[in-house]
Amino acid sequence: MKAIMQRTIIIGIIALGVGCSAPLGGATSVYAVGLPMLEINARDSALWVRGSPGDQIEAHVEGVADLRHPPTLELSVEGGEVAVLEVRYPDALRSPTSIVVTVPTSMGALINAGGDYLDVRGVDSVDIADGRGDLIVGGVVGDVWIEDAGGDIFVSDVGGVVSIRDAGGDIDVTNAGGVEVIEDSSGEVTID
């Protein structure tokens, strides 16, 4: 009973925009009923984002290279309209980290990433600014926008238009409603 009361209090605080956080091994969550978008700021983390039936956003740390400096996940709701997930590192130290985020399938994602790997599947729409590393996007109902500084890009099964600005790496897009490669500095481009 005590755990249920604590969870209810945390969710009530989130609804007011204060938020909550989780250390390594912990998880953080918020109800997302009526929220159209989740903004994720995870500059130095490998990131997996998965759409899931339901009405909750959940995030947890899967692994971290340096256990002395694990990140903290801070999840909040801003203005009652956008949920924001921040990955924060202590003392400005950044250790490679893996973060898993689950969102309702009806929700879009705005992702600022820069880790070695980004994998997004089953969301409504996605807007990605990625600093480096490989990028996989699949099963998106609406549009996909990608701005990528390096690494290969693989996109499949998108109902809307895929727009890509890429500074390096290969691009492979299959089964999309439309494709627009705005810029590609290097690498092969394959569109099926």
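Heavy-atom basis, side chains included; hydrogens, waters and symmetry copies ignored.
- By the rule that hydrophobic residues join a cluster once side-chain heavy atoms approach within less than 4.5 Å of another member, M107 and V100 end up as members of separate clusters.
- When all heavy atoms are compared, the tightest approach of A42 to V87 is CB-CG2, 3.7 Å.
- A donor and an acceptor atom, one from each side chain of S163 and E180, are located under 3.5 Å apart.
- Residues V181 and V162 fall within the same hydrophobic cluster, defined by Ile, Leu, Val, Met, Phe, Trp and Tyr side chains chained together at heavy-atom separations under 4.5 Å.
- No more than 12 heavy atoms of other residues, nucleotides or ligands shown are found within 6.0 angstrom of CD on E188.
- Contact record, G51 with T105: C-CG2, 3.6 Å, taken as the closest heavy-atom pair.
- Here the shortest heavy-atom pairing between N41 and E39 reads ND2-OE2, 3.2 Å.
- Residue I164 holds its CD1 atom at 12.0 Å from CD of E183, rounded to the nearest 0.5 Å.
- I171 contributes atom CD1, which lies 4.5 Å from atom CG of D166 (distance to the nearest 0.5 angstrom).
- Across I191 and V179, no two heavy atoms sit closer than the pair CD1-CG1, 3.6 Å.
- To the nearest 0.5 Å, atoms CD1 (I111) and CG (L47) are separated by 5.5 Å.
- In this structure, OG on S98 lies 9.0 Å from CG on D116, to the nearest 0.5 angstrom.
- Cluster annotation: V173 is connected to V189 through the hydrophobic network of ILVMFWY side chains, with a link wherever side-chain heavy atoms come within less than 4.5 Å.
- In terms of heavy atoms, G54 sits closest to P104 at O-CB, 3.4 Å.
- In this structure, the side chains of L85 and I57 stay at 4.5 Å or more apart for every pair of heavy atoms.
- From R132, atom CZ reaches atom OH of Y117 across 15.0 Å, with rounding to the nearest 0.5 Å.
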Result block: side-chain N/O donor-acceptor pairs under 3.5 angstrom for residues 135-161, not counting sequence neighbours:
residue : atom : partner : partner atom : Å
D143    : OD1  : V161    : N            : 2.8
D152    : OD1  : D170    : N            : 2.8
D157    : OD1  : N175    : ND2          : 2.7

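- A donor-acceptor pair under 3.5 Å is absent between the side-chain atoms of R50 and the main chain of T102, judged by distance alone.
- The shortest non-hydrogen separation linking S106 to D124 is O-CB, 3.6 Å.
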